[in-house]
Amino acid sequence: MRIRGHHKQKGKMALLNQKAFERKLQNMSSTQDSVQTVSLWMIHHKKHAEDMVTVWLEQLKKAPKADRRLVLFYLANDVLQNSRKKGKEFSNAFSRILRDAMFFLGDKTIKASVQRVIKIWEERRLFEGDYLEALRGKLDSGGAPVLSKKTKQKPQEKEKEREKEKEREKDKEKEKEKEKEKKKR
């Protein structure tokens with residue numbers, strides 16, 4: 001793929017294209033039309049499926065809110081369902097990362113919607129039953145913690161925590177030394 005004189009390295013999406021795709025994902029709204037537009041673009045560029053799916057997972061991990069992660073999941077669903085007649089590029093690429101993605105989709109506010117999509121995949125045989133069960137298991141153990149501003153540690157608190165940990169380590173060493181001394185006697 002060439003963009004403005006930049007040549008694509010074999011097997012890798014050009015950096016410029018990757019940034020453009022990240023922007024597409026970030027600018028995608030929650031409307032069905034917006035999701036389908038990005039989906040069609042992805043399917044059109046299916047030879048870059050592996051790279052796009054990697055970027056998709058990165059965006060999913062970065063998404064601060066559960067509803068945003070759900071929109072990204074809906075995009076994956078749309079791509080998977082609408083690309084399967086055109087080849088296995090996306091089903092192969094997504095099958096490698098969906099287990100990891102489930103951890104970020106386990107939030108209680110979106111979990112039922114994710115489960116509904118997995119059920120549709122099962123009915124339409126998009127993936128093997130064992131694989132879908134593994135996804136459900138990951139989803140049930142997931143629920144990405146969303147750190148509120150109150151729970152984030154300040155740098156001074158982190159430093160104090162490290163110092164306390166060092167003190168505990170020193171105390172353990174002293175105890176070990178005492179035990180060795182007792183055994184020697």
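Along the sequence shown, the residues carry numbers beginning at 1. Worth saying up front: this structure is predicted, and the values here are computed from it rather than measured.
Between L105 and K138, every side-chain heavy-atom pair lies at or beyond the 4.5 Å cut-off. Within the 4.5 Å cutoff, the side chain of F90 has no heavy atoms near those of the R84 side chain. Put simply, the side chain of R69 does not reach to within 4.5 Å of the side chain of V114, judged on heavy atoms. Side chains of F73 and F104 form no contact here, defined as non-hydrogen atoms less than 4.5 Å apart. By the 4.5 Å heavy-atom criterion applied to side chains, F127 and I118 are not counted as neighbours. Annotation: side chain of T37 is not in contact with side chain of K24 (no heavy-atom distance under 4.5 Å).
The minimum heavy-atom distance linking A134 with R99 is given by the pair CB-NE, 3.9 Å.
Counting only N and O atoms by type, the side chains of T109 and D107 include a donor and acceptor under 3.5 Å apart.
Around CD of Q32, the count of heavy atoms belonging to other residues, nucleotides or ligands within 6.0 Å does not exceed 12. Counting heavy atoms of neighbouring residues, nucleotides and ligands inside a 6.0 Å radius, atom CD of E128 does not exceed 12 of them. By the neighbour-count criterion of 12 heavy atoms within 6.0 Å, atom CG of N27 is densely surrounded, having more than that number from other residues, nucleotides or ligands.
The backbone N or O of A63 lies less than 3.5 Å from no partner atom in the side chain of R68, so there is not a single donor-acceptor pair. Under a 3.5 Å cut-off, the side chain of S34 and the backbone N or O of S30 do not form any donor-acceptor pair. Judged by distance alone, with hydrogens and angles left aside, the side-chain atoms of K86 form no donor-acceptor pair with the main-chain N or O of K46 at under 3.5 Å.
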Original post:
Going through the distances and angles, do V71 and V35 end up as a side chain to side chain contact (heavy atoms under 4.5 Å, CB included)?
Top reply: CA-CA 8 Å; V71 171; V35 169; 4.1 Å; yes
**OP:** Take E122 and R136 through the test salt bridge (charged side-chain N to carboxylate O under 4.0 Å, His left out) and record every step on the way to the result.
**Re:** CA-CA 11 Å; E122 185 174 41; R136 286 186 179 106; 3.1 Å; yes
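By the 4.0 Å N-to-carboxylate-O rule, E58 lies too far from K61 to be salt-bridged with it.
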